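Report on one structure; see the data block that follows.
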Amino acid sequence: MAFGRLGAQGVPGAVALNTTLDEIAQVTSLWITPAQRLRRNLLYLTRSRTGYTYMQDCGIRMDRRMITAWLAEERIPRPEQQRRLEDAFRLLRRRNMAPSMTRRLNARGGTRVEIYPVDQSDVDDKHRRTARWRHKNIYRWDPIVAAWSRSDLRELTHRWHDVITDLDSDWRMYEHVTHLGFWA
């Protein structure tokens, strides 16, 4: 049976893990405007030679006049270029933050993760399963953060399954979740 067919709402655990790690590393910032996000991305990417490499790898043409005009806010990149800038920023920020994230999450013997089950408020009572929030201590974050920094969702899914299989016989209830909370 496909997830959500009976009305449950949630996201795959690996996607929630990816999102939460992005929030901790400040890769995503929901509280800033699109103009501020564009400026942040441009400043971050133009700070180093590596940023220019990441922009080029994401398909942004390296024209110094164009990038200077973007930074001076004389011109605005097209939506496609803004998406590519966002992709380049995300990849570079994850790469730069991976070592410190690994140290932070591995510190003091690991990090506790709170797992909130899917929202079943729209599921009929006869199909609803009792699912409570759970917590799990993760002691080795190295492979998880490595997969996150490479944006490897397949590997992150594999790592998420490794985490939840320790949750007794009901571990499959936590393949999809509403939210993950970290004690980091």
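For clarity, every value in this text was computed on a predicted model and none was experimentally measured.
Annotation: the span from Thr111 atom OG1 to Phe182 atom CZ amounts to 7.5 Å, rounded to 0.5 Å. One finds the OG atom of Ser151 at 9.5 Å from the CG atom of Leu156 (value rounded to the nearest 0.5 Å). To the nearest 0.5 Å, atom CD of residue Gln36 and atom CZ of residue Arg39 are 11.0 Å apart. Within the model, atoms CG of Leu42 and CZ of Arg37 stand 13.0 Å from one another, a figure rounded to the nearest 0.5 Å. The distance from the CG atom of Leu85 to the CZ atom of Arg40 is 11.0 Å, given to the nearest 0.5 Å. Annotation: the span from Arg112 atom CZ to Leu105 atom CG amounts to 15.0 Å, rounded to 0.5 Å.
Atom CZ of Arg95 sits in a crowded spot, with more than 12 heavy atoms from other residues, nucleotides or ligands closer than 6.0 Å. Counting non-hydrogen atoms of other residues, nucleotides and ligands closer than 6.0 Å to CD1 of Ile76 gives a total of 12 or fewer.
Paired with Glu80 under the rule side chain to side chain donor-acceptor pair (under 3.5 Å), one option of Arg83, Arg78, Arg84 passes, and it is Arg84. If you run ring-ring contact (aromatic ring centres under 6.0 Å, His included) between Tyr44 and each of Phe89, Tyr52, Tyr54, only Phe89 comes through.
The shortest side-chain heavy-atom distance between Arg150 and Glu155 falls under the 4.5 Å cut-off.
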Worksheet item: Does the pair Leu21 and Ile144 meet the rule for a side chain to side chain contact (heavy atoms under 4.5 Å, CB included), with working shown?
Response: CA-CA 10 Å; Leu21 288 172; Ile144 294 171; 4.2 Å; yes
Discussion item. What verdict does the side chain to side chain contact (heavy atoms under 4.5 Å, CB included) test give for Asn41 and Gln82, after you've listed the backbone C-alpha separation in whole Å, the side-chain angles of each residue and the deciding distance to 0.1 Å?
Written reply: CA-CA 9 Å; Asn41 294 349; Gln82 289 184 25; over 6 Å; no
Worksheet item: Could you walk me through whether Val177 and Ile115 pass the side chain to side chain contact (heavy atoms under 4.5 Å, CB included) check?
Response: CA-CA 7 Å; Val177 298; Ile115 306 168; 3.5 Å; yes
Worksheet item: Could you walk me through whether Ile67 and Met55 pass the side chain to side chain contact (heavy atoms under 4.5 Å, CB included) check?
Response: CA-CA 11 Å; Ile67 291 174; Met55 284 192 287; 4.2 Å; yes
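With no hydrogens or angles considered, a side-chain donor-acceptor pair links Arg94 and Asn18 at under 3.5 Å. Under 3.5 Å, the side chains of His179 and Glu114 contain no donor-acceptor pair of N or O atoms.
Across all their heavy atoms, Met66 and Arg61 have their closest contact at CE-O, 3.2 Å. A pairwise comparison of heavy atoms in Tyr116 and Gly181 identifies CE1-N, 4.3 Å as the closest pair. Here the closest non-hydrogen pair linking His176 and Pro12 is CD2-N, 3.6 Å. A pairwise comparison of heavy atoms in Val145 and Ala98 identifies CG1-O, 3.6 Å as the closest pair. The minimum heavy-atom distance between Leu180 and Gly13, with the atom names listed, is CD1-O, 4.0 Å. Taking both residues in full, the closest heavy atoms of Ala16 and Val11 are given as CB-CG2, 3.9 Å, listed atom of the first, atom of the second, then distance.
A salt bridge is absent between Asp152 and Arg154: the closest approach of a Lys/Arg side-chain nitrogen to an acidic carboxylate oxygen does not fall below 4.0 angstrom.
Although no hydrogens or angles enter the test, the distance criterion places no donor-acceptor pair under 3.5 Å between the side chain of Thr20 and the main chain of Leu17. A donor-acceptor pair under 3.5 Å is absent between the side-chain atoms of Arg159 and the main chain of Pro143, judged by distance alone.
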